[in-house]
Amino acid sequence: MGASMKRVFSSAITDTFYTYSTVKIVQVPHTIIASLYRLLQFAIVVYIACYIVWYKKGYQEFQEPRATSIIKVKGLTKVFGNDTAGYGNSSSQHLWDTAEYQVPPMENNAFFIATRQIITFDQEEGVCPSALDDKLFCNSTQLDACPKDKQTPNTFGYFTGKCVASLENYNITVCEIHAWCPEELSNSTEYIVDRNDLANFTVYLKTAVTFTAFNINLRNVRDSTNFSCRYHSTNDPRCPILRIGDILDSLKTNKTALLREGGLIEIRQDWTCNFDFDRNSCFPKLSFSVLQSGDDKQSPGINYRAAQKYRVDGVDRRTLSKIYGLRFVISITGAGGQFNIVNLFVAIGSGIGFLVIADIVCDAIFMYVHKSRERYRGGKFSVCEVSTTRADQDSDSLNHIIPVQTQKQISIQSDQNIYSETL
């Protein structure tokens with residue numbers, strides 16, 4: 001038993017370290033199948049070369065850009081002011097420049113243009129009637145609608161528990177509140193920018209990108225840039241100065257609602273560059289889309305509030321502004337590519353794996369479809385029996401597997417001839 005185990009162990013060591021094994025190849029002369037086989041291989045090679053390597057640029061290493069933008073907005077607009085309280089007829093005209101409509105003046109890869117503002121001047125902290133738009137109606141006998149020291153639904157102030165006449169209509173009684181008075185909705189002035197003036201606003205968009213993997217830094221503003229240009233997707237796609245009107249015209253949205261309620265607009269810069277050629281020819285491609293329109297059924301547009309506080313005769317006062325406008329977000333996408341020999345070999349190697357498809361198809365035809373499939377199976381597979389007798393176990397370990405078929409004659413009929421081969 002010990003000697004037998006020693007021979008088995010020695011045979012395993014020999015087979016593992018001193019024996020080379022290879023795959024058995026069965027050749028079957030057949031015109032149609034052979035032609036199909038080569039055709040499939042050719043199609044796969046074309047797919048690897050044309051699609052994986054050339055079209056998908058499998059020979060390149062890619063990196064997304066890291067970038068930031070500097071944005072300047074210029075323009076002057078007439079602004080029309082109207083009393084929003086409804087009981088006055090005051091109206092006025094003013095001028096707004098960049099300092100008044102670009103609020104805040106600086107953002108990271110974004111900018112904001114105010115198109116409408118509701119301003120409440122000279123607010124003081126105190127008590128006053130709530131606005132009619134709050135719908136906090138009451139009467140002197142039923143004060144349940146004005147619970148004392150509770151916040152109002154719009155969080156403008158606290159209820160005092162009293163019911164008083166409205167400032168907007170003395171015939172209507174409303175809840176009194178402790179807040180900044182007068183309340184925003186009761187005595188404010190609405191300012192709306194002129195739509196035609198807004199269309200002529202310009203945006204200077206200066207972007208710097210870097211591809212650290214290739215040690216390449218680029219800007220969309222070059223030494224040859226003409227600063228009197230205006231961006232046009234066809235005539236001048238490299239110009240860094242954009243008209244607001246051109247951006248709005250390219251959007252499929254309700255522009256009237258967009259200017260009144262505000263909205264979110266994306267300016268997308270696509271830096272797709274091939275650094276195997278002249279890197280200075282790489283410029284971004286711009287596209288525009290609406291992320292938040294002004295006519296959405298749920299929470300349309302964009303607005304926020306800002307207050308400017310000051311003191312008069314020792315009393316704190318403030319000017320409250322509710323600002324509607326267009327917020328433009330700059331998103332920078334794309335990828336830079338450069339030749340890399342490792343990526344090329346990886347692309348080719350991954351594509352070569354598809355060549356096995358040709359073998360699978362032809363084997364499937366011979367094994368399951370061809371009329372000589374039984375003869376093909378007999379030539380492709382060798383059936384062996386493992387002996388279990390004690391006499392054979394004591395014999396040489398290399399001879400304990402007895403092949404049943406040592407020689408096989410195979411003939412498969414082709415279109416015109418019958419071929420035979422000894423396996």
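- Ala213 and Gln63 get closest at one heavy-atom pair: N-OE1, 2.9 Å.
- The environment of Tyr55 atom OH is sparse: at most 12 non-hydrogen atoms of other residues, nucleotides or ligands sit within 6.0 angstrom.
- Judged as a disulfide bond (SG atoms under 2.5 Å apart), not a single pair has a partner in residues 323-376 (not counting sequence neighbours).
- Counting only heavy atoms from C-beta outward, the side chains of Val28 and Ile33 never approach each other to under 4.5 Å.
- Using a 4.0 Å cut-off between a side-chain N of Lys or Arg and a carboxylate O of Asp or Glu, Arg243 and Asp249 do not qualify as a salt bridge.
- Considering all non-hydrogen atoms of both residues, Ile52 and Gly351 come closest at CD1-CA, 4.0 Å.
- The pair Arg317-Glu125 does not meet the salt-bridge criterion, since no charged nitrogen lies less than 4.0 angstrom from a carboxylate oxygen.
- Looking only at distances, no side-chain donor or acceptor of Arg222 sits under 3.5 Å from a matching main-chain atom of Thr225.
- Here the NZ-CG distance, from Lys78 to Leu95, works out to 8.0 Å after rounding to the nearest 0.5 Å.
- Taking both residues in full, the closest heavy atoms of Ile332 and Ser69 are given as CD1-OG, 3.9 Å, listed atom of the first, atom of the second, then distance.
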How far apart are the C-alpha atoms of Glu107 and Arg327, what are their side-chain angles, what is the distance that settles it, and do they pass the side chain to side chain contact (heavy atoms under 4.5 Å, CB included) test? CA-CA 10 Å; Glu107 293 188 75; Arg327 188 168 191 265; 2.8 Å; yes
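- Residues Phe214 and Arg279 fail the side-chain proximity criterion, which asks for heavy atoms closer than 4.5 Å.
- Between Asp316 and Glu124, the closest side-chain pair of non-hydrogen atoms is not below 4.5 Å.
- Phe366 does not carry Arg377 over the face of its six-membered ring by the limits of under 6.0 Å from the centre and within 45° of the normal.
- The number of heavy-atom neighbours closer than 6.0 Å to CZ of Phe288, taken from other residues, nucleotides and ligands shown, is above 12.
- Taking OG of Ser321 as the reference point, atom CG of Asn303 lies at 12.5 Å (rounded to 0.5 Å).
- Within the 3.5 Å criterion, the main-chain N or O of Gln298 finds no donor-acceptor partner in the side chain of Asp296.
- Counted within 6.0 Å of OH on Tyr368, heavy atoms from surrounding residues, nucleotides or ligands total 12 or fewer; the atom is thus considered open.
- Taking OG of Ser350 as the reference point, atom CD1 of Ile48 lies at 7.5 Å (rounded to 0.5 Å).
- Residue Glu64 places its CD atom among 12 or fewer non-hydrogen atoms of other residues, nucleotides or ligands, all under 6.0 Å distant.
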Applying side chain to side chain contact (heavy atoms under 4.5 Å, CB included) to Leu248 and Leu326, what does each step give before you reach the verdict? CA-CA 10 Å; Leu248 298 180; Leu326 306 177; 4.1 Å; yes
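- Phe80 has its ring centre no less than 6.0 Å from the ring centre of Tyr191.
- Not a single donor-acceptor pair under 3.5 Å links the side chain of Ser130 to the backbone N or O of Asp134.
- Using a 4.5 Å heavy-atom cutoff, the side chains of Phe201 and Lys74 are not in contact.
- Closest non-hydrogen pair, Ala306 versus Ile323, comes out as CB-CD1, 4.5 Å.
- Put simply, the side chain of Glu190 never gets that close to the backbone of Asn82: no donor and acceptor are under 3.5 Å apart.
- Evaluated for a ring-ring contact (aromatic ring centres under 6.0 Å, His included) with Phe112, the options Tyr304, Tyr101, Phe328 yield exactly one hit, Tyr304.
- Residues satisfying the salt bridge (Lys or Arg N to Asp or Glu O under 4.0 Å) test with Arg66, not counting sequence neighbours, are none.
- Here the shortest heavy-atom pairing between Leu198 and Ile244 reads O-CB, 3.5 Å.
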Under the side chain to side chain contact (heavy atoms under 4.5 Å, CB included) rule, what do Leu36 and Ile365 come out as? Steps first, then yes or no, please. CA-CA 11 Å; Leu36 175 63; Ile365 293 175; 3.5 Å; yes
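- Scanning all heavy atoms of the two residues, the minimum distance from Val369 to Arg373 falls at O-NH1, 3.5 Å.
- In this structure, Ser186 contributes its side chain and Pro182 its backbone to no donor-acceptor pair below 3.5 Å.
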Using the side chain to side chain contact (heavy atoms under 4.5 Å, CB included) rule, take Lys322 and Arg305 through it: C-alpha gap first, then chi angles, then the decisive distance, then the call. CA-CA 4 Å; Lys322 185 177 182 181; Arg305 289 177 173 84; 3.5 Å; yes
Does the ring-ring contact (aromatic ring centres under 6.0 Å, His included) test come out yes or no for His370 and Tyr376, once each step is laid out? CA-CA 9 Å; His370 199 277; Tyr376 177 80; 8.6 Å; no
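- For Arg116 and Tyr324, the positive end sits near the middle of the six-membered ring, less than 6.0 Å away and at most 45° from its axis.
- Rounding to the nearest 0.5 Å places CG of Leu76 at 11.0 Å from CG of Asn200.
- Within the 3.5 Å criterion, the main-chain N or O of Asp197 finds a donor-acceptor partner in the side chain of Asp194.
- The number of heavy-atom neighbours closer than 6.0 Å to OH of Tyr47, taken from other residues, nucleotides and ligands shown, is above 12.
- In Phe339, the CZ atom is crowded: over 12 heavy atoms of neighbouring residues, nucleotides or ligands sit closer than 6.0 Å.
- Within 6.0 Å of CG in Asp278 there are more than 12 heavy atoms belonging to other residues, nucleotides or ligands.
- Val73 places a side-chain heavy atom less than 4.5 Å from the side chain of Ile113.
- The side-chain heavy atoms of Asn109 and Val329, taken from C-beta on, include no pair separated by under 4.5 Å.
- Between the CG atom of Leu242 and the CD1 atom of Ile247 there is a distance of 5.0 Å, given to the nearest 0.5 Å.
- Side chains of Asp97 and Thr77 form no contact here, defined as non-hydrogen atoms less than 4.5 Å apart.
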side-chain hydrogen bond (donor to acceptor under 3.5 Å, both in side chains) between Tyr37 and Asp363: does it pass, once the steps are laid out? CA-CA 10 Å; Tyr37 182 70; Asp363 271 350; over 6 Å; no
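- Expressed to the nearest 0.5 Å, how far CG of Asp133 lies from NZ of Lys135 amounts to 8.0 Å.
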Can I get a per-line list of side-chain donor-acceptor pairs under 3.5 Å for residues 268-275, giving both atom names and the distance, sequence neighbours left out?
{"residue": "Arg268", "atom": "NH1", "partner": "Ser287", "partner atom": "OG", "Å": "3.0"}
{"residue": "Arg268", "atom": "NH2", "partner": "Glu266", "partner atom": "OE1", "Å": "2.7"}
{"residue": "Gln269", "atom": "OE1", "partner": "Thr207", "partner atom": "OG1", "Å": "2.9"}
{"residue": "Gln269", "atom": "NE2", "partner": "Thr207", "partner atom": "OG1", "Å": "3.2"}
{"residue": "Asp270", "atom": "OD1", "partner": "Thr272", "partner atom": "OG1", "Å": "2.8"}
{"residue": "Asp270", "atom": "OD2", "partner": "Thr272", "partner atom": "OG1", "Å": "3.3"}
{"residue": "Asn274", "atom": "OD1", "partner": "Gln60", "partner atom": "NE2", "Å": "2.7"}
{"residue": "Asn274", "atom": "OD1", "partner": "Asp276", "partner atom": "N", "Å": "3.1"}

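- For the pair Pro300 and Asp295, the minimum side-chain heavy-atom distance is 4.5 Å or more.
- Panel note: side chain Asn220, backbone Leu205; a donor-acceptor pair is recorded below 3.5 Å.
- The backbone N or O of Gln308 sits nowhere less than 3.5 Å from a side-chain atom of Thr319 that would complete a donor-acceptor pair.
- Under a cut-off of 6.0 angstrom, the local environment of CZ in Phe42 is sparse, with at most 12 non-hydrogen atoms contributed by other residues, nucleotides or ligands.
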